[in-house]
S.K.: 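The structure under discussion is supplied below as structure tokens; questions concerning it will follow.
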Amino acid sequence: EENKAEGDSGTVDVMAPCRQLLTELEQHEAAWPFQMPVNGRRFPTYHKVIVQPMDLHTVKERLESDRYKTRDDFCADVRLIFSNCDLFNEDDSPVGEAGHAMHTFFEERVTQLWGDT
Ligand SMILES: Cn1cc(C(=O)NCCN)ccc1=O
């Protein structure tokens, strides 16, 4: 049974903003490189360089299986997508540019939702 938040008639769904933000990321026009795990057969060096691969579908699975206990846990996995992208791709490559656009969008929305600097 869901645990009751103190002094609340219903439980507080602290992860609701994360689901909304994830949907916005999935729908972003620059999301195409990040929807699913990078294909190790297409990019044989990827798993030599990137020790913890991450992608939007994996984040979605973790979110829906209650693996994230705080919004910071969620944000850390999303930020891993972008740090992996920066490490493996040239800034002026199509994937590199998509990563920068997505990262900027993400941090802007985090500030709007939670006022984090
Ligand atoms: C995140 N990332 C994605 C790709 C890619 O080409 N994805 C194809 C999607 N259809 C290549 C390098 C990389 O770091």
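These numbers were taken from a predicted model, which means no experiment stands behind them. Order of appearance sets the numbers: ligands from 1, and atoms from 1 within every ligand.
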S.K.: Give the numbers and elements of all ligand 1 atoms closer than 4.0 Å to a heavy atom of Val38.
M.R.: 1 (C), 2 (N), 3 (C), 13 (C)

S.K.: For the pair Asp13 and Arg19, find out whether any cationic side-chain nitrogen is under 4.0 Å from an anionic carboxylate oxygen.
M.R.: yes

S.K.: Write out the residue and atom name of the closest protein heavy atom to atom 14 (O) of ligand 1, then the distance separating them to 0.1 Å.
M.R.: Asn89 ND2, 2.9 Å

S.K.: Between Thr104 (side chain) and Ala101 (backbone), is there a donor-acceptor pair under 3.5 Å?
M.R.: no

S.K.: Test Lys60 against Glu26 for salt bridge (Lys or Arg N to Asp or Glu O under 4.0 Å), laying out the working first.
M.R.: CA-CA 10 Å; Lys60 184 180 207 160; Glu26 290 167 338; 3.4 Å; yes

S.K.: Counting N and O atoms only, with roles assigned by atom type, does the side chain of Thr45 sit under 3.5 Å from a partner on the main chain of Lys48, one being a donor and the other an acceptor?
M.R.: no

S.K.: Mark whether atom 8 (C) of ligand 1 lies under 4.0 angstrom from at least one protein heavy atom.
M.R.: no

S.K.: Starting from atom 4 (C) of ligand 1, which protein heavy atom do you reach first, and at what distance in Å?
M.R.: Val95 CG2, 4.0 Å

S.K.: With no hydrogens and no angle check, just 3.5 Å: does a side-chain donor-acceptor pair link His103 and Asp86?
M.R.: no

S.K.: Considering the heavy atoms of Trp32, write down every atom of ligand 1 situated less than 4.0 Å from one of them.
M.R.: 9 (C)

S.K.: For atom 11 (C) of ligand 1, tell me which residue out of Phe88, Phe43, Tyr46, Phe82 has the closest non-hydrogen atom.
M.R.: Phe43

S.K.: For the residue pair Tyr46 and Phe88, does the interplanar ring angle fall in the parallel (under 30°), tilted (30 to 60°) or perpendicular (over 60°) class?
M.R.: perpendicular

S.K.: For atom 1 (C) of ligand 1, find the nearest protein heavy atom and state the residue, atom name and distance (0.1 Å precision).
M.R.: Pro33 O, 3.4 Å

S.K.: Using a strict 4.0 Å cut-off to heavy atoms of Phe34, name the atoms of ligand 1 that fall inside it.
M.R.: 1 (C)

